[in-house]
K.L.:
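Got a structure here, written out as structure tokens. Questions coming.
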Amino acid sequence: MSSLATCQRYLPITLLLGLLFTGCSPEQTRYDTRFLAFGTLMDLTIVGVGSDLAAHAAQVLESDFAEMHRSWHAWDPGPLGYVNKMLKTGEQFSAPPAVLPLIRLGQTLSLSSEGLFNPAIGELIDAWGFHSNDPSGSRPPPTETIAHLVQQNPNMQDIEIDGLLLRGKNPALKLDFGAFGKGFGIDLAVTRLKEMGISNAIVNAGGDLRAIGRRETGEPWRIAIRHPDGDGILGSLEIAGDASVFTSGNYERQFTWEGKRYHHIIDPRSGYPAQGTRSVTVIHHDSTTADAAATALFVAGPDNWYRIARRMGIHYVLLISENGELQMNPEMQTRVKLVDEASWKIRLSPALNPEP
Ligand code: ADP
Ligand code: MG
């Protein structure tokens, strides 16, 4: 039974009219759909508009995501492939419009992460075999290859931007937007939805998401946080308004070689998969920053995530270390409800930057 019907049964009409403006409002319509984007299933929920508009919005988003996927694909030919080819020549060239904003944002985010988030290490990602649809059959690259790439130290500041023109200053540059392209895409999708007059929605790419507005009942959205095992739920939190929740985990893409597991989040300082972390969840306003920060804090690990989170202006972090400790800032603790709190050894950090 809807909440409006409940109101009507118990209340005289004058009171009911008052309540329409104070919370006992009718349940809104909800539209759910699912499509493939960035190689993951994208779940889209839209609340409070007619099904025609919701279905149209879903179509627009699906085709936007397909275009983004093509433009930013790290190993299929396309605009990013062209940029990568040109960056290596050291010559100046015109930036394809789809790629330029990500290069600018990548420079800023990389700088504030002290280079731990580094979308210029595509050569390393490639050497590790993660530029393939199925990396499960890969093996570690030769140590000399890794050492050489680390020593060349490709980074975002090696890209000179002059208006719309780009120039690469390091032959080892190869861009890979894998750590924040999905976040940037979700931000664009939310902008699109808002332009279409949609103010309650969730755009969810396999657990990484941005939520705006509220649920059909008028209550906040309830969001699940993925368990570091890759399966199941670690906890939940509520979002009312506009926020993104992103998790980076070592379970996402990986292979096993001679009994040892190698995952896809690479520490640019060593050239090897980052050690010490199982997963990091970040809540932030925009998805681009949340996505980049989840990757950067994963690399920073249990001893350094706090410093990098402060530098990146992040307000909420939860990290599970390889030794099974759950670390978070006190502001995160007030927001997250853990499914099995007693099973975790919890360590609280000092307060992070308070939300404005
Ligand atoms: P996922 O999107 O799988 O949840 P991430 O957002 O952490 O995970 O992105 C991981 C991807 O980013 C890798 O597959 C690789 O393409 C790229 N990557 C790996 N290490 C780094 C790093 N230190 N900085 C930037 N990008 C990275
Ligand atoms: Mg990321």
K.L.:
Could Arg30 and Asp32 be called an ion pair, given the rule that one side-chain N must be under 4.0 Å from one carboxylate O?
P.N.:
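Here Arg30 pairs with Asp32 in a salt bridge, since their nearest N and O are under 4.0 Å apart.
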K.L.:
When you check the gap from the basic side-chain N to the acidic O, do Arg278 and Glu322 get nearer than 4.0 Å?
P.N.:
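So Arg278 does not pair with Glu322 through a salt bridge.
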K.L.:
Consider only side-chain N and O atoms of Trp221 and Glu238, and report whether a donor and an acceptor are under 3.5 Å apart.
P.N.:
no
K.L.:
Could you tell me whether the side chains of Asn323 and Glu325 share a donor-acceptor contact shorter than 3.5 Å?
P.N.:
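Absent: no donor and acceptor within the cut-off.
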K.L.:
Quick check: is Leu80 connected to Phe130 through a chain of hydrophobic side chains (ILVMFWY, heavy atoms under 4.5 Å apart)?
P.N.:
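No, Phe130 does not connect to Leu80 through the hydrophobic network.
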K.L.:
Could Asp158 and Lys169 be called an ion pair, given the rule that one side-chain N must be under 4.0 Å from one carboxylate O?
P.N.:
no
K.L.:
Could you grab the distance from atom CG of Asn118 to atom CZ of Arg269, nearest 0.5 Å is fine?
P.N.:
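Spacing of CG (Asn118) from CZ (Arg269) equals 11.5 Å.
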K.L.:
Closest approach of Phe38 and Met68, non-hydrogen atoms and distance?
P.N.:
CZ-CB, 3.9 Å
K.L.:
Between Ile283 and Val336, is any pair of side-chain heavy atoms under 4.5 Å apart?
P.N.:
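Ile283 does not reach Val336 side chain to side chain.
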K.L.:
Mind listing the closest non-hydrogen atom pair of Pro96 and Val83 along with its distance?
P.N.:
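That closest heavy-atom pairing would be CD-CG2, 3.4 Å.
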K.L.:
If you measure from CG on Leu297 to OG on Ser113, what distance do you get to the nearest 0.5 Å?
P.N.:
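It is 9.0 Å, given to the nearest 0.5 Å.
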K.L.:
Under the side-chain contact (heavy atoms from CB on, under 4.5 Å) criterion, do Thr247 and Val280 qualify, and how do the steps go?
P.N.:
CA-CA 5 Å; Thr247 299; Val280 175; over 6 Å; no
K.L.:
For Ile121 and Pro154, which heavy atoms make the closest approach, and how far apart are they?
P.N.:
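Taking every non-hydrogen atom into account, CG2-O, 4.3 Å.
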K.L.:
Compare every heavy atom of Ile146 with every heavy atom of Ser270, then report the nearest pair and how far apart it is.
P.N.:
O-CG2, 3.5 Å
K.L.:
Here's a test for you: under ring-ring contact (aromatic ring centres under 6.0 Å, His included), which of Tyr272, Trp128, Phe298 qualifies with His263?
P.N.:
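The passing option is Phe298.
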K.L.:
Test His284 against Asp291 for side chain to side chain donor-acceptor pair (under 3.5 Å), laying out the working first.
P.N.:
CA-CA 9 Å; His284 198 73; Asp291 198 356; over 6 Å; no
K.L.:
When you measure from the centre of the six-membered ring of Phe93, is the NZ or CZ of Arg167 closer than 6.0 Å and no more than 45° off the axis?
P.N.:
no
K.L.:
When you measure from the side chain of Asp162 to the backbone N and O of Leu165, does any donor-acceptor pair fall under 3.5 Å?
P.N.:
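No, Asp162 side chain to Leu165 backbone: no donor-acceptor pair under 3.5 Å.
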K.L.:
For a quick test of reading the model, state the closest non-hydrogen atom pair linking Ile265 to Gly249 and the distance between them.
P.N.:
CD1-O, 4.1 Å
K.L.:
Taking NZ, NE, NH1 and NH2 as the nitrogens, is one of them in Asp64 or Arg192 under 4.0 Å from a carboxylate oxygen of the other?
P.N.:
yes
K.L.:
Please determine whether side-chain contact (heavy atoms from CB on, under 4.5 Å) holds for the pair Val317 and Gln327, giving the CA-CA distance in whole Å, both sets of side-chain angles, and the decisive distance to 0.1 Å.
P.N.:
CA-CA 8 Å; Val317 179; Gln327 297 191 16; over 6 Å; no
K.L.:
May I ask you to test the Thr29-Val47 pair for a side-chain heavy-atom distance under 4.5 Å?
P.N.:
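SC-SC contact between Thr29 and Val47 ruled out.
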K.L.:
Is a donor on one side and an acceptor on the other found under 3.5 Å between the side chain of Ser138 and the backbone of Ser136?
P.N.:
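Such a contact is absent between Ser138 side chain and Ser136 backbone.
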K.L.:
With hydrophobic residues grouped by side-chain heavy-atom distances under 4.5 Å, do Trp305 and Leu111 end up in a single group?
P.N.:
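No, Trp305 and Leu111 fall in different hydrophobic clusters.
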K.L.:
Answer yes or no: is there a donor N or O on one side and an acceptor on the other, between the side chain of Asn250 and the main chain of Ser279, under 3.5 Å?
P.N.:
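No, the answer is negative, given that no donor and acceptor are paired below the 3.5 Å cut-off.
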K.L.:
Just do the side-chain contact (heavy atoms from CB on, under 4.5 Å) check on Leu44 and Ile202 with the steps written out, would you?
P.N.:
CA-CA 6 Å; Leu44 174 67; Ile202 296 195; over 6 Å; no
K.L.:
Find out if a path of hydrophobic residues (ILVMFWY) with successive side-chain heavy-atom gaps under 4.5 Å connects Tyr316 to Met328.
P.N.:
yes
K.L.:
Indicate yes or no: does Lys182 engage Asp187 in a salt bridge with an N to O separation below 4.0 Å.
P.N.:
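Looking at Lys182 and Asp187, the cut-off is not met.
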K.L.:
Is a side-chain N or O of Asn200 found less than 3.5 angstrom from the main chain of Gly48, in a donor-acceptor match?
P.N.:
no
K.L.:
Counting only heavy atoms from other residues, nucleotides and ligands, does the tally under 6.0 Å from CG of Leu164 exceed 12?
P.N.:
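No, not enclosed.
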K.L.:
Between Pro79 and Arg70, is there a side-chain heavy-atom distance shorter than 4.5 Å?
P.N.:
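SC-SC contact between Arg70 and Pro79 confirmed.
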K.L.:
Given 3.5 Å as the limit, does a donor-acceptor pair link the side chain of Gln107 with the main chain of Met156, or not?
P.N.:
yes
K.L.:
Closer than 4.0 angstrom, basic N to acidic O: yes or no for Arg311 and Glu114?
P.N.:
yes
K.L.:
Could you tell me the separation between the NZ atom of Lys194 and the CD1 atom of Ile198, rounded to the nearest 0.5 Å?
P.N.:
12.0 Å
K.L.:
Quick check: does any side chain N or O of Asn329 sit under 3.5 Å from a backbone N or O of His315, one acting as donor and the other as acceptor?
P.N.:
yes
K.L.:
So, does Ser244 use its side chain to make a donor-acceptor pair with the main chain of His285 at under 3.5 Å?
P.N.:
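Flag set: sc Ser244 to bb His285 pair under 3.5 Å.
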K.L.:
I need the minimum non-hydrogen distance between Ser321 and Pro302, along with the two atoms involved.
P.N.:
CB-CG, 3.7 Å
K.L.:
Does a side-chain heavy-atom distance below 4.5 Å link Ile239 with Arg335?
P.N.:
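Ile239 reaches Arg335 side chain to side chain.
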K.L.:
For Phe184 together with Phe177, are the ring centres under 6.0 Å from each other?
P.N.:
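Distance test on ring centres: not under 6.0 Å, no.
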K.L.:
Report whether Leu318 and Leu348 are members of the same hydrophobic cluster (ILVMFWY, side-chain heavy atoms less than 4.5 Å apart, transitive linking).
P.N.:
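Yes, it is one cluster - the side chains of Leu318 and Leu348 are joined through contacts under 4.5 Å.
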K.L.:
Which donor-acceptor pairs under 3.5 Å do side chains of residues 49-62 form with protein atoms, sequence neighbours excluded?
P.N.:
none

K.L.:
Within the structure provided, determine whether Ile233 and Ile225 are in side-chain contact (heavy-atom separation under 4.5 Å).
P.N.:
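Answer no - side chains too far apart.
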K.L.:
Tell me which pairs pass side chain to side chain donor-acceptor pair (under 3.5 Å) where either residue lies in residues 71-90, with sequence neighbours left out.
P.N.:
Lys88-Glu123
K.L.:
So Phe65 and Leu36, side-chain contact (heavy atoms from CB on, under 4.5 Å) or not? Walk me through it.
P.N.:
CA-CA 9 Å; Phe65 278 121; Leu36 208 61; over 6 Å; no
K.L.:
To the nearest 0.5 Å, tell me how far Leu105 CG sits from Leu100 CG.
P.N.:
10.0 Å
K.L.:
Report yes if the side chains of Ile308 and Phe117 come closer than 4.5 Å at any heavy-atom pair, otherwise no.
P.N.:
no
K.L.:
Give a yes or no answer on whether the side chain of His227 reaches the backbone of Asp229 with a donor-acceptor pair at less than 3.5 Å.
P.N.:
yes
K.L.:
Are side-chain heavy atoms of Leu326 and Arg347 found at a separation under 4.5 Å?
P.N.:
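Sidechains of Arg347 and Leu326: no contact.
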K.L.:
Is there a side-chain contact between Leu109 and Phe180 in this structure, where contact means two heavy atoms from C-beta onward sitting under 4.5 Å apart?
P.N.:
yes
K.L.:
Under a single-linkage definition using a 4.5 Å side-chain heavy-atom cutoff for Ile, Leu, Val, Met, Phe, Trp and Tyr, are Leu87 and Ile125 assigned to the same hydrophobic cluster?
P.N.:
no
K.L.:
Hey, could you give me the CG/CD1 distance between Asn204 and Ile186, rounded to the nearest 0.5 Å?
P.N.:
7.5 Å
K.L.:
Looking at CZ of Arg307 and CG of Leu116, how far apart are the two atoms once the value is rounded to the nearest 0.5 Å?
P.N.:
7.5 Å
K.L.:
Considering only NZ, NE, NH1 and NH2 on the basic side and carboxylate oxygens on the acidic side, decide whether Asp208 and Arg226 come within less than 4.0 Å.
P.N.:
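Between Arg226 and Asp208 there is a salt bridge, with a charged N closer than 4.0 Å to a carboxylate O.
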K.L.:
Are the side chain of Glu219 and the backbone N or O of Arg214 linked by a donor-acceptor pair below 3.5 Å?
P.N.:
no
